[in-house]
Amino acid sequence: MGAANMAALCLLAILAGTAVGEERKLSSHAATLADNSANLAFNLYHNMAKEKDLENILISPVVVASSLGLHLHAGLSELLTEVSNSTARNVTWKISGRLYGPSSVNFAEAFVKSSKKHYNYEHSKINFRDKRSAVKSINEWASKSTDGKLPEVTKDVDKTDGAMIINAMFFKPHWDEMFHHKMVDNRGFLVTRSFHVSVPMMHRTGLYHFHEDTENRLYVLSMPLAHKKSSMILIMPYHVEPLDRLEKLLTRKQLNSWLGKLEERAVAVSLPKVSMEVSHDLQKHLGELGLTEAVDKTKADLSNISGKKDLYLANVFHASALEWDTHGNPFDTSIFGSEKLKDPKLFYADHPFIFLVKDNMTDSILFIGRLQRPKGEKMRDEL
Ligand SMILES: *[C@@H]1O[C@H](CO)[C@@H](O)[C@H](O)[C@H]1NC(C)=O
Ligand SMILES: *[C@@H]1O[C@H](CO)[C@@H](O)[C@H](O)[C@H]1NC(C)=O
Ligand SMILES: *[C@@H]1O[C@H](CO)[C@@H](O)[C@H](O)[C@H]1NC(C)=O
Ligand SMILES: *[C@@H]1O[C@H](CO)[C@@H](O)[C@H](O)[C@H]1NC(C)=O
């Protein structure tokens with residue numbers, strides 16, 4: 001059994017081992033949550049990155065964990081409540097989950113009573129054999145629960161014999177120091193050396209934690225989100241190149257090593273001001289990583305949901321919209337014109353990069369992803 005699988009099993013053991021409703025302080029679970037979210041984040045990311053033709057990636061390991069566990073870990077549900085609290089964090093993070101059973105299923109009475117509270121799902125039945133209307137109602141639900149930010153989770157449901165879990169999310173980071181809404185202009189984003197798209201790019205110079213890894217030819221930048229309760233960490237090669245090289249380097253140990261080398265200094269940051277909508281079907285990946293038996297038709301035991309061992313998870317959709325925008329808290333104007341902002345390093349994100357959102361209090365990984373191809377018009381080939 002590989003290390004990845006061991007880590008995965010440990011995660012599930014923890015998720016399953018805590019009785020629902022048991023209240024413990026988040027802090028006592030913080031280290032475990034951090035470990036597990038990081039293991040899950042890197043395992044899922046690497047497994048997905050192997051997929052051919054997959055461009056953007058966007059996964060929230062803590063949401064995957066909570067929807068997989070079925071029994072929500074007390075600490076995990078507290079964490080999700082805390083990190084999506086718009087008052088405390090000034091973040092916009094809407095998380096919705098739904099379990100669709102095939103029309104033949106009889107939901108267990110206990111599940112019907114407690115699914116929202118204990119499993120964090122709404123649930124309903126759907127006739128997967130009528131694909132068109134199934135897809136339509138799934139997409140309508142996702143759109144409605146994200147205020148229209150995620151209009152389409154899927155175009156098709158290929159397996160029609162089991163249950164389906166969907167997580168639909170909308171995440172909009174609020175920077176601890178906002179970008180000026182007027183410091184935005186159109187630039188080229190280099191998807192590859194020869195394929196460029198036009199995107200609005202936002203610019204600002206500020207004090208940020210930054211590291212240049214000259215050996216690996218990449219930059220690491222940490223940008224705090226509102227009230228410094230979490231940060232957006234960006235990892236970008238010097239120049240446009242396929243991300244495989246960076247992805248091979250991307251381990252938890254390497255990330256921690258980079259983070260340990262960050263130094264505060266002036267950085268001139270330019271980021272695409274775009275929204276990305278990404279929908280992943282995790283069923284295959286969860287199976288390959290041995291994360292849960294619930295996706296295996298022959299082994300699944302969802303009797304707590306259906307009363308019988310007749311149900312498995314045929315589809316697990318994880319769909320998120322992320323809006324990169326200028327919004328955030330007012331910037332500190334007192335350092336303008338000061339020595340501190342002289343000679344900024346350039347972080348010009350006009351080519352594919354990897355990013356993570358990390359919670360400051362628990363160190364858990366809230367999101368991991370890559371922006372490889374933003375939406376935008378193809379630019380005319382230049383001579
Ligand atoms: C969100 O944060 C505010 C301010 O810190 C707090 O008063 C409120 O109880 C929190 N809400 C939830 C649902 O935890
Ligand atoms: C939260 O964000 C909104 C919109 O960006 C802003 O208007 C508001 O002042 C922020 N609130 C706090 C407490 O930072
Ligand atoms: C974490 O929070 C503390 C206290 O608010 C703050 O001093 C620190 O800069 C934050 N760290 C990051 C990486 O934002
Ligand atoms: C079903 O629920 C009971 C009570 O919450 C729990 O002890 C048991 O482990 C659950 N079984 C499965 C297969 O999840």
Side-chain angles (χ1 to χ4, degrees), residues 21-31 33-35 37-38 41 60-63 66 72-97 116-122 145 169-179 204 206-213 219-236 252 254-267 269 271 324 327-332 334-335 340-341 345 347 353-368:
E22 187 181 321
E23 290 300 330
R24 273 197 254 163
K25 277 276 152 283
L26 181 57
S27 55
S28 67
H29 291 304
L33 279 170
D35 281 357
S37 69
S60 171
V62 287
V63 170
S66 86
L72 268 189
H73 180 251
L76 191 56
S77 80
E78 262 180 76
L79 173 76
L80 281 176
T81 309
E82 156 68 24
V83 297
S84 58
N85 182 335
S86 59
T87 323
R89 303 237 168 182
N90 208 13
V91 66
T92 309
W93 191 5
K94 288 194 66 145
I95 311 170
S96 308
K116 184 72 184 126
K117 182 158 171 271
H118 285 169
Y119 299 81
N120 211 21
Y121 295 130
E122 300 166 32
S145 41
M169 281 171 281
F170 170 57
F171 181 70
K172 177 169 171 172
H174 288 253
W175 306 109
D176 193 48
E177 293 198 344
M178 65 181 168
F179 286 75
R204 90 174 292 265
L207 289 180
Y208 290 108
H209 285 91
F210 177 87
H211 171 62
E212 178 173 350
D213 181 339
Y219 304 111
V220 181
L221 174 70
S222 172
M223 298 176 69
L225 303 186
H227 313 309
K228 297 191 167 64
K229 298 229 173 180
S230 54
S231 325
M232 176 75 82
I233 297 157
L234 303 126
I235 306 164
M236 184 176 74
R252 192 160 173 223
Q254 181 62 67
L255 178 70
N256 287 338
S257 151
W258 283 326
L259 295 181
K261 290 177 185 155
L262 294 173
E263 279 176 20
E264 191 179 62
R265 55 159 305 130
V267 185
V269 183
L271 289 178
W324 301 83
H327 297 172
N329 291 344
F331 34 73
D332 175 11
S334 71
I335 61 165
K340 281 183 169 174
L341 290 184
K345 284 278 182 187
F347 188 92
F353 58 87
I354 296 170
F355 58 88
L356 297 106
V357 179
K358 207 158 183 271
D359 177 49
N360 191 350
M361 179 172 63
T362 59
D363 255 356
S364 351
I365 295 182
L366 307 180
F367 277 99
I368 185 167

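This is a predicted model, so every value here is computed, not measured. When a residue number appears, it is its place in the shown sequence, counting from 1. Both ligands and their constituent atoms are indexed starting at 1 by order of listing.
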> Would you call the rings of H174 and H327 parallel, tilted or perpendicular, where under 30° means parallel and over 60° means perpendicular?
Replying inline: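 Because their plane-to-plane angle lies in the 30° to 60° range, the rings of H174 and H327 count as tilted.
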> Can you check whether L366's main-chain N or O pairs, donor with acceptor, with S60's side chain at less than 3.5 Å?
Replying inline: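 Such a contact is found between S60 side chain and L366 backbone.
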> Got S230 and V83 here, is their nearest side-chain heavy-atom distance under 4.5 Å?
Replying inline: no
>> Pairs of nitrogen or oxygen atoms closer than 3.5 Å, one from N360 and one from ligand 3: do any exist?
In response: yes
>> My understanding is that only residues two or more places apart in sequence, or in another chain, count here; which of them pass side chain to side chain donor-acceptor pair (under 3.5 Å) with D332?
In response: S334
> Can you list every pair that meets salt bridge (Lys or Arg N to Asp or Glu O under 4.0 Å) and has a residue in residues 83-95, with sequence neighbours left out?
Replying inline: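 Sorted pair list: E82-R89, R89-D359, K94-D147.
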> So is S231 close enough to ligand 3, meaning a heavy atom under 4.0 angstrom away?
Replying inline: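 It does; at least one heavy atom falls under 4.0 Å.
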Could you check ligand 1 for N or O atoms lying under 3.5 Å from protein N or O atoms and list the pairs with distances?
{"residue": "ligand 1", "atom": "2 (O)", "partner": "N85", "partner atom": "OD1", "Å": "3.3"}
{"residue": "ligand 1", "atom": "2 (O)", "partner": "N85", "partner atom": "ND2", "Å": "2.3"}
{"residue": "ligand 1", "atom": "11 (N)", "partner": "N85", "partner atom": "ND2", "Å": "2.9"}

>> Students often mix this up, so state it plainly: with edges at 30° and 60°, are the rings of W93 and F367 parallel, tilted or perpendicular?
In response: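 Rings of W93 and F367: tilted, 30 to 60°.
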> In chain order, what residues pass the side chain to side chain contact (heavy atoms under 4.5 Å, CB included) check against M178, with sequence neighbours excluded?
Replying inline: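 Partners of M178 under the side chain to side chain contact (heavy atoms under 4.5 Å, CB included) test: F331.
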